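Since this is a predicted model, take the numbers as computed values, not measurements. Chain identifiers are assigned alphabetically (A, B, ...) following the order of the sequence lines, protein sequences preceding nucleic acid strands; residue numbering begins at 1 within each chain.
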Amino acid sequence: MKIAVCVKRVPDMDARFRISADGTSLDEAGLKFDINDFDAWAVEAALQLKEKAGQGEVVVLSLGPAAAQETIRKALSMGADRGIHLAADRIPFDGFAIARALAAELKDGSYDLIFFGKMSPDSSNGIVGPIVAELLDYACVTAISGLEMADGRGTAKRELEGAQEFVEFTLPAVLTVDEGLNTARYPSLKGIMAAKKKTLESKPAQLGDTMVTIKSLAMPPDRPPGKIVGEGAAAVPELVRLLQTEAKVL
Amino acid sequence: MANIFAFAEQRAGELRKVALENVTAARALADATGGEVHVLLAGSAGIAQKAEQLGKHGADVVLVCEHDALKDYNAEAIAALAADRIKSGGYRVAVFSTSAQGRDLIPRVAAKLGVGIVTDVTDARIEGDAVNVKHPVNIGKVIATASIASTPAVIGLRPGNTTLVENTKAARVEQVQPVGDPSASRVKVKEMKQGTSAKLDIGEAPVVIAGGRGLKSADGFKLVDDLADAFGNAAVGATRAVCDDGWRPHSEQIGQTGRVVSPDLYIAVGISGAIQHLAGMRTSRTIVAINRDKEAPIFKIADYGIVGDVAEVLPALTAAVREARKSH
Ligand SMILES: Cc1cc2nc3c(=O)[nH]c(=O)nc-3n(C[C@H](O)[C@H](O)[C@H](O)COP(=O)(O)OP(=O)(O)OC[C@H]3O[C@@H](n4cnc5c(N)ncnc54)[C@H](O)[C@@H]3O)c2cc1C
Ligand SMILES: Cc1cc2nc3c(=O)[nH]c(=O)nc-3n(C[C@H](O)[C@H](O)[C@H](O)COP(=O)(O)OP(=O)(O)OC[C@H]3O[C@@H](n4cnc5c(N)ncnc54)[C@H](O)[C@@H]3O)c2cc1C
């Protein structure tokens, strides 16, 4: 089984974000970056399938500036076999353009499965995986939190609002990974050493035209300051009064 | 003049609230330019009955596609059908929802049409040659205004962000045919397990009571369930810590990796207020926090706070809410 995993380098969301002088990008100075959590689960899913099959190859792709190679190395140290870096110093906000560049690289790879994260916390569009599936004419199941493969077919579980869906799909397929599918392994020391020797090829990304651009970024309006109504059960009557008369939600 | 397309999401033959939100938002876009709203509704035989409700929320035309293989969400067939209708109708904007189904559907549709797409949209306007949308990024800490240059522009609205507006016009119904054979999809829903239908979804309920580790155990959540019961229109949510411990299902998780909700009232019970949790509820209209630690970060975002033990405060609040609801 030949499996690809697309991974993205994302900033730590605990940070205080600052808007750059151009008004359309975020200042990256001082931000810590790591692999998108959803993508770490995607790598884990691919590794588990390969281990279960006892053979196969897991290829990791990332599009972005040179630092994206660190993200690929992390996946290699978890156990992936080799990496492909699609180099671009500035990526458009347009997820479609990213999907096009990834699809151009993936199309001749004869992959049985291509994994993506469900979304990433920064752009949170979650569109790259399904667009790649369309461009390659692969079957596609999004946001899976359960997966079983047998006889060249798969069954996946998806969480819907207040419901669960179980879907069957054929290969080749694109799968996007939701929380709950697995717990990602930490790279072992041996894994980190081994990753240094694995192949990591870098080539320019073929980004086409973009149709979506950022016009401006802004900080959300502050919420008006709240108040502590009181302590313990004694504060309940006053809270209820405020909910009725001030907030008008009861 | 620009006509607007909207998609009507259904589950088990019932329209989801997001369907009405899509139509309401499409109506506003169409009114701004003097155009019509055309809504696509797909399902098994009989789904056409739901067209009236779509008309009430602003549809001029409801395009109904009935087929046995469209009973459940059929990603490939619906994406093909929607892309085909959008292309032939010459719409300026195609409005979908960023629901679980929408997240799956919209990128496929945009890819088939080769047009620009933005999801999780909180505001959309047609301005000159562009469709400009607001889209929260970095877990809502920054709001981006993005410009979509293509026609049509495909957008996915953030669920729960559009206030429904009713309208008195009746919609014209047109039957449309599926594109290709809907039974031939490579992805098939084998089973759908619906939670008890009596339970409100956290994304749709006007009131959300969310619990955290401060409730101590799965049994401790009874206090939260009771309060939700007292409200009558409330759904129960949870933090990741609690879902990871198996006290509540992951479908109830609110936050960065869970659901994003913005109810009229959000009550956080025994929740510390980690940034990843705030990402899922910071846009709620009124926020109440109950926590025994007066330094808990949740109080910084709350409109009203009570410092106290959940075991003491919740039963008192539940009783008071029951009383208040009775006098309505
Ligand atoms: C305000 C803002 C400004 C930005 N500006 C820049 C910038 O100047 N430079 C820059 O590099 N990026 C920038 N980005 C990031 C870029 O816009 C996103 O990577 C892109 O929009 C991803 O689309 P998405 O949201 O659909 O996918 P996501 O929801 O982000 O991701 C879904 C999945 O697709 C895959 N994927 C996504 N992106 C990549 C990738 N690059 N390589 C491999 N797999 C991937 C992953 O599997 C991921 O889990 C910016 C993002 C924001 C929010
Ligand atoms: C990448 C990433 C993604 C994440 N995504 C999410 C997400 O989507 N959603 C999410 O919720 N979290 C998420 N988290 C986890 C998040 O960081 C927090 O760990 C989590 O929200 C904490 O849950 P909690 O508030 O229930 O528990 P705690 O932080 O342990 O807080 C418990 C609170 O209860 C109070 N308390 C204790 N006993 C009582 C009592 N008897 N009466 C009253 N109050 C009491 C305490 O004072 C404390 O404030 C994510 C973390 C990471 C790293």
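Only the backbone of B:Thr283 comes within less than 4.5 Å of a heavy atom of chain A; no side-chain atom from C-beta onward does. In this structure, no portion of B:Asp72 lies under 4.5 Å from any heavy atom of chain A. Heavy atoms of A:Asp209 lying under 4.5 Å from chain B are absent altogether. Heavy atoms closer than 4.5 Å to chain A are found in the side chain of B:Glu76, but not in its backbone. Contact of B:Ala302 with chain A is made through the backbone alone, with heavy-atom distances under 4.5 Å. Contacts between B:Val288 and chain A at a heavy-atom distance below 4.5 Å involve the side chain alone, from C-beta outward. Residue contact with chain B, scored on non-hydrogen atoms closer than 4.5 Å, involves the backbone of A:Ala15 exclusively. Interface residue B:Ser284: only backbone heavy atoms are found under 4.5 Å from chain A. There is no contact between B:Ile202 and chain A, counting heavy-atom distances below 4.5 Å. Using a 4.5 Å cut-off between heavy atoms, A:Pro11 touches chain B through its side chain atoms alone.
Atom OG1 of A:Thr155 and atom NZ of B:Lys188 lie 12.5 Å apart (nearest 0.5 Å). To the nearest 0.5 angstrom, A:Phe166 atom CZ is 13.5 Å from B:Lys190 atom NZ. Rounded to the nearest 0.5 Å, atoms CG (A:Asp37) and OG1 (B:Thr257) are 7.5 Å apart.
For the side chain to side chain contact (heavy atoms under 4.5 Å, CB included) criterion with A:Leu243, the lone passing option out of B:Asp303, B:Leu265, B:Val321 is B:Leu265.
In terms of non-hydrogen atom pairs under 4.5 Å with chain A, the most contact-rich of B:Ala153, B:Pro159, B:Ser147, B:Pro136 is B:Ser147. The candidate from B:Asn132, B:Asp120, B:Asp264 with the greatest count of non-hydrogen atom pairs under 4.5 Å with chain A is B:Asn132. Heavy-atom pairs under 4.5 Å with chain A peak, among B:Met192, B:Lys134, B:Glu191, at B:Glu191. Contact tally against chain A (heavy-atom pairs below 4.5 Å) for B:Ile106, B:Val118, B:Val115: the top residue is B:Val115. Residue with the most contacts toward chain B among A:Ser145, A:Gly232, A:Gly180: A:Gly232 (heavy-atom pairs, distance under 4.5 Å). Listed options B:Ile139, B:Ile275, B:Ile148 were ranked by heavy-atom pairs under 4.5 angstrom with chain A; first place goes to B:Ile139. In terms of heavy-atom pairs under 4.5 Å with chain A, the best-connected choice from B:His250, B:Glu252, B:Gln256 is B:Gln256.
For A:Glu168, the side-chain hydrogen bond (donor to acceptor under 3.5 Å, both in side chains) criterion is met by A:Arg153, not counting sequence neighbours.
Taking the side chain as every heavy atom from C-beta outward, B:Lys294 and A:Ile228 never approach each other to under 4.5 Å. Using a 4.5 Å heavy-atom threshold, the side chains of B:Thr145 and A:Ile214 count as separate. Using a 4.5 Å cut-off on side-chain heavy atoms (C-beta onward), A:Phe169 and B:Arg186 make no contact. Using a 4.5 Å heavy-atom threshold, the side chains of A:Leu160 and B:Arg11 count as touching. Side-chain contact between A:Leu250 and B:Phe231 is present, with heavy atoms from C-beta onward closer than 4.5 Å. Counting only heavy atoms from C-beta outward, the side chains of A:Leu239 and B:Leu317 approach each other to under 4.5 Å. Here the side chains of A:Ile131 and B:Arg108 are not in contact, with every heavy-atom distance at 4.5 Å or above. Put simply, the side chain of A:Arg223 reaches to within 4.5 Å of the side chain of B:Ile287, judged on heavy atoms.
Looking at B:Arg16 and A:Glu161, a side-chain N of the basic residue comes within less than 4.0 Å of a carboxylate O on the acidic one, giving a salt bridge. Salt-bridge formation is not detected for the pair A:Lys118/B:Asp104: no Lys NZ or Arg NE/NH1/NH2 atom is positioned less than 4.0 Å from an Asp or Glu carboxylate oxygen.
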Note to self: Run the side-chain contact (heavy atoms from CB on, under 4.5 Å) test on A:Val236 and B:Ile306 for me, step by step, so that the C-alpha distance in whole Å, both residues' side-chain angles and the decisive distance to 0.1 Å come before the verdict.
What the structure shows: CA-CA 8 Å; A:Val236 165; B:Ile306 293 185; 4.2 Å; yes

Note to self: Assess the residue pair A:Glu246 and B:Tyr304 against the criterion (side-chain hydrogen bond (donor to acceptor under 3.5 Å, both in side chains)); give the C-alpha distance rounded to whole Å, side-chain angles, the decisive distance to 0.1 Å, and a yes or no.
What the structure shows: CA-CA 11 Å; A:Glu246 200 175 83; B:Tyr304 308 115; 2.6 Å; yes

Check: B:Lys141 and A:Asp14: salt bridge (Lys or Arg N to Asp or Glu O under 4.0 Å), yes or no, with the steps?
Finding: CA-CA 10 Å; B:Lys141 287 180 158 187; A:Asp14 270 338; 5.5 Å; no

Margin query: Let's go through A:Met13 and B:Asn138 carefully: what are the C-alpha distance in whole Å and the side-chain angles of both, what is the deciding distance for side-chain contact (heavy atoms from CB on, under 4.5 Å) to 0.1 Å, and is it a yes or a no?
Written below: CA-CA 7 Å; A:Met13 291 298 140; B:Asn138 294 37; 4.0 Å; yes

Next item on the list: Please test A:Glu179 against B:Gln253 for side-chain hydrogen bond (donor to acceptor under 3.5 Å, both in side chains), starting from the C-alpha separation and ending with a verdict.
Entry: CA-CA 10 Å; A:Glu179 177 155 37; B:Gln253 181 176 324; 3.1 Å; yes

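Between A:Ala247 and B:Thr286, the closest heavy-atom pair is CB-OG1, 3.7 Å. A:Ala139 and B:Val187 get closest at one heavy-atom pair: CB-CG2, 4.0 Å. Taking both residues in full, the closest heavy atoms of B:Ala320 and A:Val240 are given as CB-CG2, 3.7 Å, listed atom of the first, atom of the second, then distance. Of all non-hydrogen atoms in A:Pro220 and B:Gly140, the two that sit nearest each other are CG-O, 3.5 Å. A pairwise comparison of heavy atoms in B:Ala100 and A:Arg158 identifies O-NH2, 3.5 Å as the closest pair.
Other residues, nucleotides and ligands contribute only 12 or fewer heavy atoms inside 6.0 Å of the CG atom of A:Asp222. Enclosure of atom CG in B:Asp129 is not indicated, since only 12 or fewer non-hydrogen atoms of other residues, nucleotides or ligands lie within 6.0 angstrom. Crowding of B:Lys17 atom NZ: a count of heavy atoms from other residues, nucleotides or ligands under 6.0 Å exceeding 12.
Under a 3.5 Å cut-off, the side chain of B:Glu312 and the backbone N or O of A:Ala233 do form a donor-acceptor pair. Panel note: side chain B:Arg103, backbone A:Ile127; no donor-acceptor pair is recorded below 3.5 Å.
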